[in-house]
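In this text the structure is predicted, and so the values were computed from the model without any measurement.
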Amino acid sequence: MSPKRETELPGEKTHDPDEGFDLDGMLGSLAKWLRILGFDARFPCKKVAQDRYFVTTNRKLKNPQVIKVRNASPIEQLKQILDQTGIVPNSNLFLSRCLSCNVPVREIAKHRIKGRVPDSVFSRNSIFHECPSCGKLYWEGTHASRIKRRLEESGVLAKT
């Protein structure tokens with residue numbers, strides 16, 4: 001599989017921040033990976049909703065909005081979804097959603113999080129984000145570069 005591009009080619013469409021996926025109860029890891037890429041990924045869901053893709057492991061469902069994943073690996077499932085939909089991930093939306101709540105995170109002033117993160121994290125970082133729903137804090141630590149590298153090596157994201 002060739003790496004995904006950040007520019008659109010015929011048959012592809014750019015990742016819209018409102019692009020929606022509903023995932024059945026067997027696909028929690030895949031929901032997390034979709035959220036990492038900035039997709040709206042509701043989980044768990046039991047039925048097909050209008051204007052959203054429904055992702056399932058159920059081979060019996062017959063609906064053009066249904067994507068039936070074939071592989072057990074969440075990264076391979078992610079590649080299949082992107083191939084089937086023709087959607088190119090938008091690198092500007094990387095880590096823009098809460099991995100727990102699926103809500104877009106917002107930047108928060110550094111002084112407002114003092115005491116909510118370890119002192120070492122506070123001193124090494126200048127930009128923090130917070131989930132407005134659950135209050136979970138995010139910052140770009142070494143995990144972000146490892147995640148991005150894994151997505152690049154697997155062909156999900158274009159190498160930077």
Side-chain angles (χ1 to χ4, degrees), residues 1-9 12-45 51-55 67 69 71-160:
M1 178 179 164
S2 61
K4 292 289 176 187
R5 293 156 302 281
E6 297 200 31
T7 55
E8 231 175 299
L9 292 177
E12 293 181 328
K13 59 183 176 176
T14 303
H15 170 184
D16 179 333
D18 296 323
E19 198 85 50
F21 293 91
D22 293 341
L23 294 92
D24 75 18
M26 302 296 291
L27 297 170
S29 293
L30 176 58
K32 178 181 139 195
W33 282 101
L34 284 163
R35 291 171 184 171
I36 286 170
L37 288 173
F39 289 102
D40 176 6
R42 294 191 302 212
F43 167 84
C45 297
D51 299 327
R52 295 179 67 84
Y53 293 102
F54 185 77
V55 185
I67 298 170
V69 291
N71 197 298
S73 158
I75 294 291
E76 291 302 315
Q77 293 169 343
L78 185 58
K79 288 165 59 175
Q80 178 190 340
I81 288 170
L82 296 174
D83 283 345
Q84 276 189 244
T85 61
I87 298 170
V88 178
N90 181 339
S91 62
N92 294 325
L93 297 175
F94 182 72
L95 295 175
S96 63
R97 287 186 170 270
C98 179
L99 300 184
S100 301
C101 298
N102 191 39
V103 173
V105 296
R106 62 178 180 219
E107 192 167 335
I108 184 167
K110 184 174 178 173
H111 72 274
R112 297 195 60 214
I113 57 105
K114 185 147 180 74
R116 293 178 60 196
V117 296
D119 290 340
S120 59
V121 170
F122 187 82
S123 64
R124 278 194 312 264
N125 295 279
S126 57
I127 299 173
F128 293 87
H129 291 85
E130 179 181 45
C131 174
S133 179
C134 72
K136 187 173 181 177
L137 294 172
Y138 294 90
W139 58 91
E140 192 158 333
T142 57
H143 63 285
S145 57
R146 285 193 307 268
I147 291 168
K148 191 171 263 189
R149 185 173 49 251
R150 182 173 180 195
L151 291 169
E152 288 171 351
E153 289 170 355
S154 67
V156 173
L157 289 177
K159 292 189 180 193
T160 53

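- Within the 4.5 Å cutoff, the side chain of Phe21 has no heavy atoms near those of the Leu30 side chain.
- Cys131 and Cys134 get closest at one heavy-atom pair: SG-N, 3.4 Å.
- Leu37 has its side chain within reach of Leu151: a pair of non-hydrogen atoms, C-beta onward, lies under 4.5 Å apart.
- Of the possible polar contacts, one joining the Gln77 side chain to the Asn71 backbone as a donor-acceptor pair under 3.5 Å is found.
- For the pair Phe54 and Ile67, the minimum side-chain heavy-atom distance is 4.5 Å or more.
- Smallest separation of non-hydrogen atoms from Cys98 and Tyr138: SG-OH, 3.2 Å.
- Partners of Glu153 under the side chain to side chain donor-acceptor pair (under 3.5 Å) rule, at least two apart in sequence or in another chain, do not exist in this structure.
- With sequence neighbours left out, Arg42 forms a salt bridge (charged side-chain N to carboxylate O under 4.0 Å, His left out) with Asp22.
- Contacts of Ala72 classified as side chain to side chain contact (heavy atoms under 4.5 Å, CB included), with partners at least two apart in sequence or in another chain: none.
- Between Leu82 and Pro89, some side-chain heavy-atom pair lies under the 4.5 Å cut-off.
- Annotation: side chain to side chain contact (heavy atoms under 4.5 Å, CB included) contacts of Ser29 (sequence neighbours excluded): Pro74.
- Contacts classified as salt bridge (Lys or Arg N to Asp or Glu O under 4.0 Å) and involving residues 23-36 (residues at least two apart or in different chains) are not found.
- The main-chain N or O of Ile81 is never found under 3.5 Å from a side-chain atom of Tyr53 such that the two would form a donor-acceptor pair.
- Checked by atom type, the side-chain pair Gln80/Gln84 shows a donor-acceptor distance below 3.5 Å.
- Cation-pi geometry between Lys110 and Phe122 is met: under 6.0 angstrom from the ring centre, within 45 degrees of the axis.
- Rounded to the nearest 0.5 Å, atoms CD (Glu76) and CG (Asp83) are 9.5 Å apart.
- Within the structure, side-chain hydrogen bond (donor to acceptor under 3.5 Å, both in side chains) contacts touching residues 120-136 (residues at least two apart or in different chains) are Arg116-Glu130.
- The structure places CZ of Arg112 at 10.5 Å from CG of Leu137, a figure rounded to the nearest 0.5 Å.
- Applying the side chain to side chain contact (heavy atoms under 4.5 Å, CB included) criterion to Pro44, with sequence neighbours excluded, gives no partner residue.
- Taking both residues in full, the closest heavy atoms of Leu34 and Ala41 are given as CB-CB, 3.8 Å, listed atom of the first, atom of the second, then distance.
- Here the OG-CZ distance, from Ser96 to Phe39, works out to 10.0 Å after rounding to the nearest 0.5 Å.
- Interatomic distance, Lys79 NZ to Ser73 OG, rounded to the nearest 0.5 Å: 8.0 Å.
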Atom pairs and distances, side-chain donor-acceptor, residues 139-148, under 3.5 Å, sequence neighbours left out:
residue: Thr142; atom: OG1; partner: Arg146; partner atom: NH1; Å: 3.0
residue: Ser145; atom: OG; partner: Thr142; partner atom: O; Å: 2.9

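- Closest approach of Asn102 and Asp40 over heavy atoms only: ND2-OD1, 2.6 Å.
- To the nearest 0.5 Å, atoms CD (Glu152) and CZ (Arg149) are separated by 9.0 Å.
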